[in-house]
Amino acid sequence: QKQKQQQKQKQKQKQQQQQRQGDVSHDDSIIELHQGDLFEFDLGEATHMYISSLCFTRDMMERVADKVIHNNSAQQNLKCLATLQVSTVLEKKFGPPRMEWVEMSWTTSRGQGCPVYFYDVK
């Protein structure tokens, strides 16, 4: 029994180490958050994306939309894309977004939230 406990402990430590190193087996229950340059990131395995585009220019939103639309592998997996701005390019490709008010850190005191636009890619 002590040997089984030691094996479980080693297995747990190995899993934790793999997770810290980013070597995680693909499991539907795993959520990965990435921060960085979207234009340098491979979207191929993304199923859901949130792009905090509050301060994006129109040109930058168009570049984001182009990146999502022209990354064929991303479209195969992507189910939903959420942004803080409406994109006419995304709307032409995926249809009009549904809008929901979502509380953000900068809207907590006001209590009304911020509009978030959800594009259902399917």
Side-chain angles (χ1 to χ4, degrees):
Q1 187 172 1
K2 188 174 182 179
Q3 189 177 11
K4 285 183 182 181
Q5 287 177 342
Q6 287 175 340
Q7 285 177 336
K8 283 184 180 183
Q9 180 75 14
K10 284 182 182 181
Q11 186 177 16
K12 186 176 180 179
Q13 287 173 345
K14 184 177 178 181
Q15 287 174 340
Q16 289 172 339
Q17 183 180 14
Q18 287 174 336
Q19 289 175 343
R20 284 192 298 272
Q21 294 173 350
D23 183 18
V24 179
S25 63
H26 294 279
D27 179 36
D28 291 339
S29 63
I30 293 175
I31 295 175
E32 294 181 21
L33 301 176
H34 298 273
Q35 177 181 347
D37 186 344
L38 176 65
F39 302 110
E40 299 293 324
F41 190 76
D42 178 15
L43 305 176
E45 294 185 26
T47 58
H48 294 75
M49 292 177 59
Y50 168 72
I51 301 172
S52 184
S53 56
L54 188 64
C55 298
F56 286 12
T57 63
R58 184 175 301 224
D59 178 60
M60 194 163 178
M61 278 302 295
E62 288 177 10
R63 287 181 58 209
V64 168
D66 287 340
K67 167 95 175 171
V68 171
I69 290 169
H70 293 105
N71 189 328
N72 291 334
S73 61
Q75 282 191 51
Q76 292 173 2
N77 293 316
L78 192 62
K79 293 176 176 54
C80 183
L81 172 66
T83 67
L84 298 180
Q85 288 187 40
V86 173
S87 166
T88 55
V89 175
L90 290 173
E91 192 168 337
K92 285 178 188 173
K93 179 69 177 177
F94 304 121
R98 65 187 154 81
M99 190 274 290
E100 293 185 30
W101 290 89
V102 178
E103 187 174 306
M104 303 288 178
S105 59
W106 62 89
T107 63
T108 305
S109 63
R110 295 191 313 235
Q112 65 192 47
C114 176
V116 177
Y117 301 93
F118 294 89
Y119 295 90
D120 294 314
V121 177
K122 298 178 185 174

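Here the structure is a predicted model, which is why all the values come from computation and not from measurement.
- Distance NZ/K67 to CG/L43: 5.0 Å, rounded to 0.5 Å.
- Taking all atoms of both residues into account, the shortest heavy-atom contact from A65 to V89 is CB-CG1, 3.5 Å.
- The heavy-atom pair separating Q85 from Y117 by the smallest distance is C-CD1, 3.7 Å.
- L90 and M60 fall within the same hydrophobic cluster, defined by Ile, Leu, Val, Met, Phe, Trp and Tyr side-chain heavy atoms under 4.5 Å apart, directly or through other members.
- In this structure, the separation between OG1 on T57 and CZ on R63 is 8.5 Å, given to the nearest 0.5 Å.
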- M61 and T83: side chain to side chain contact (heavy atoms under 4.5 Å, CB included), yes or no, with the steps? CA-CA 9 Å; M61 278 302 295; T83 67; 4.3 Å; yes

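- Considering CZ of R58 and OG1 of T88, their distance stands at 7.0 Å, rounded to 0.5 Å.
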- Message: Please evaluate residues L84 and S52 with respect to the criterion side chain to side chain contact (heavy atoms under 4.5 Å, CB included), reporting the C-alpha separation (whole Å), side-chain torsions for both, the decisive distance (0.1 Å), and the verdict.
- Response: CA-CA 6 Å; L84 298 180; S52 184; 3.7 Å; yes

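- Note on Y50: it does not cluster hydrophobically with V64, by side-chain heavy-atom contacts below 4.5 Å among ILVMFWY residues.
- Taking each heavy atom of V121 and L81 in turn, the nearest pair found is CG2-N, 4.5 Å.
- F118 and C80 get closest at one heavy-atom pair: CD2-SG, 3.8 Å.
- No side-chain heavy atom of M49 sits under 4.5 Å from any side-chain heavy atom of Y119.
- The nearest pair of heavy atoms linking E91 to P96 is CG-CA, 3.6 Å.
- No more than 12 heavy-atom neighbours from other residues, nucleotides or ligands sit within 6.0 angstrom of CD on Q35.
- You'll find the side chain of W106 reaches within 4.5 Å of the side chain of L54, heavy atoms only.
- Counting heavy atoms from C-beta outward, E62 and S87 have side chains that stay 4.5 Å or more apart.
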- In sequence, state the C-alpha distance, the side-chain angles, and the governing distance for F56 and I51, and then conclude on side chain to side chain contact (heavy atoms under 4.5 Å, CB included). CA-CA 10 Å; F56 286 12; I51 301 172; 3.6 Å; yes

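- No side-chain heavy atom of H48 sits less than 4.5 Å from a side-chain heavy atom of I31.
- V116 and A82 make their closest contact through CG1-CB, 3.9 Å (heavy atoms, listed as atom of the first residue, atom of the second, distance).
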